[in-house]
There are 2 protein chains.
Amino acid sequence: MYNILIIEDEKPISDFINLSLRAMGYGCEQVYDGEEAADKILEKRYSLILLDIMLPKANGFELMEFIRPMEIPVIFLTAKASVQDKVKGFKLGADDYLTKPFQIEELQVRIENVLRRYYKTDEILTYKDISVNVSSHKITKGEKEIPLTEKEFKLLVLFISNKNLALFREQIYEKVWDREYIGDSRTVDMHIQRLRKKLDLYDQLVSVFKVGYRLEE
Amino acid sequence: MYNILIIEDEKPISDFINLSLRAMGYGCEQVYDGEEAADKILEKRYSLILLDIMLPKANGFELMEFIRPMEIPVIFLTAKASVQDKVKGFKLGADDYLTKPFQIEELQVRIENVLRRYYKTDEILTYKDISVNVSSHKITKGEKEIPLTEKEFKLLVLFISNKNLALFREQIYEKVWDREYIGDSRTVDMHIQRLRKKLDLYDQLVSVFKVGYRLEE
DNA sequence: CTAATTATTTACAAAATTGATACAAATATA
DNA sequence: TATATTTGTATCAATTTTGTAAATAATTAG
């Protein structure tokens, strides 16, 4: 999970960013001036810093010099739009630059880009010779790529993340279908079938009578 | 042992939850407003938080933001049932959501689910060379895995959890079959039989004349 | 010790669950 | 819009589990 530090003195803007990023699944913290920022950065390793240029007690450029040696990616956030500023920012090691006001979607895209560039973490789950690239939704068994449908994919991820656990149909349904399970439906069973068939998991993805299914190590 | 913090300003409800959860074996503490809650959370690491949305001195959503970085699972408890609220809750990191009024049984189920998801502790019971992995529903005796049916499984769990206690047929029936015992049926006996056979418990799982059965240490 | 009661064993049929197949509805894609 | 893909349901077969009945064995109380 990524942790983002928001350094921005205008509270409404900061709060707005905070909420939006949290909604996207990022962990966020907010600070409102340069000193607080420095403290926070020393105390914890952030994945990314969003940095406003105009700040009380140390401006963004100064802070940038402070951050740079730590090799944390930084996106500048500012009302200043001059080319000189941009150049200065990039020279100091900024990874991106966003001019206020901006659409939150744009910020999201930039964050994702920066994080991908920086961390290149394709989350990959594996089970025996099956590997699941969660980010790209690609599944391979051995060398071969096996296309899975959405539900099959979610099922597989669920089971691999819960190896050896007997999962109740109810749990499965609520996780994969994301809504309440109203007893007695064969839907889960059917999809288990299909998953077994596509990945030849007949002996591994076993039924637990009266309970549900389990993926065996 | 799990510790649950109940953040709920309506004392009767809070007390009721407290009593019920204690009866289920959880450790519980109660606070009645946001500030108290924050203090408690800072002071001690809870396993799970039950959080009412409408609170004096900081509402549940605010509190949620405070809790989230600590990665403590949260179940929202509220009279508010709007979809927006639910979405908001989940986005802020709630693990589940329960709308008042609710059955205590439902709360129990949700708590168990969340705790299992979060702590993924394989609950393992043992008796001599038999081990019962409750999470995966697997039973081994020595090195060998012994498949049990659901009723047998429940029976075994019941007896291991009540070693050396003579259990009345009635009790057994009501625990395992989850419905009222209407006198004189050989059903329990039959299943005891099958369990004995599968796990070779003839000398340990003994009959108590006129009463029921007991698993001896 | 013996009759009466209670538990165990065996056998079997009923009930419930899961697997397989086929198909229609819903959804996505060209 | 037409086409393909995905998804959910219905159906039936296969399997497993479960409950009961009847016969047998064991235990208890008198």
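Just the heavy atoms: all of them, side chains too, but no hydrogens, waters or symmetry mates, feed the values below. So you know, we letter chains A, B, ... as the sequences are listed, proteins then strands, and number each from 1.
Classification of Arg169(A) and Asp189(A) as a salt-bridged pair holds, one side-chain N sitting under 4.0 Å from a carboxylate O. Checked for salt-bridge contact, Arg194(B) and Glu152(B) miss the test: no charged N lies under 4.0 Å from a carboxylate O. Taking the charged nitrogens against the carboxylate oxygens, Arg110(B) and Glu112(B) have no contact shorter than 4.0 Å, which rules out a salt bridge.
Side-chain N/O atoms of Trp177(B) include none lying less than 4.0 angstrom from OP1 or OP2 on dT18(D). Proximity of Ser185(B) to the phosphate of dG19(D): no side-chain N or O atom is located under 4.0 Å from OP1 or OP2. When the side-chain nitrogen and oxygen atoms of Thr187(A) are compared with OP1 and OP2 of dT7(D), none of them lie within a distance under 4.0 Å.
If you check every strand for non-hydrogen atoms under 4.0 Å, Tyr213(B) touches sugar and phosphate atoms only. Among the atoms of the strands shown, none is found under 4.0 Å from any heavy atom of Val176(A). Note on Glu150(B): only backbone sugar-phosphate atoms sit closer than 4.0 angstrom, heavy atoms only; bases stay farther off.
Place Arg194(A) and Arg169(A) on DNA chain C by their nearest nucleotides, and Arg169(A) ends up nearer the 5' end.
Set against dT17(D), dT6(C), dT7(D), the side chain of Phe209(B) has dT6(C) as its closest nucleotide.
In this structure, CD of Gln193(A) is placed 18 Å from P of dT11(D), rounded to the nearest angstrom. Taking atom CZ of residue Arg186(A) and atom C1' of nucleotide dT11(D), one finds them 10 Å apart after rounding to whole Å. Atom CG in Asp189(A) sits about 11 Å away from atom P in dT17(C), given to the nearest Å.
To the nearest 0.5 Å, atom CG of residue Leu199(B) and atom NZ of residue Lys128(B) are 13.0 Å apart.
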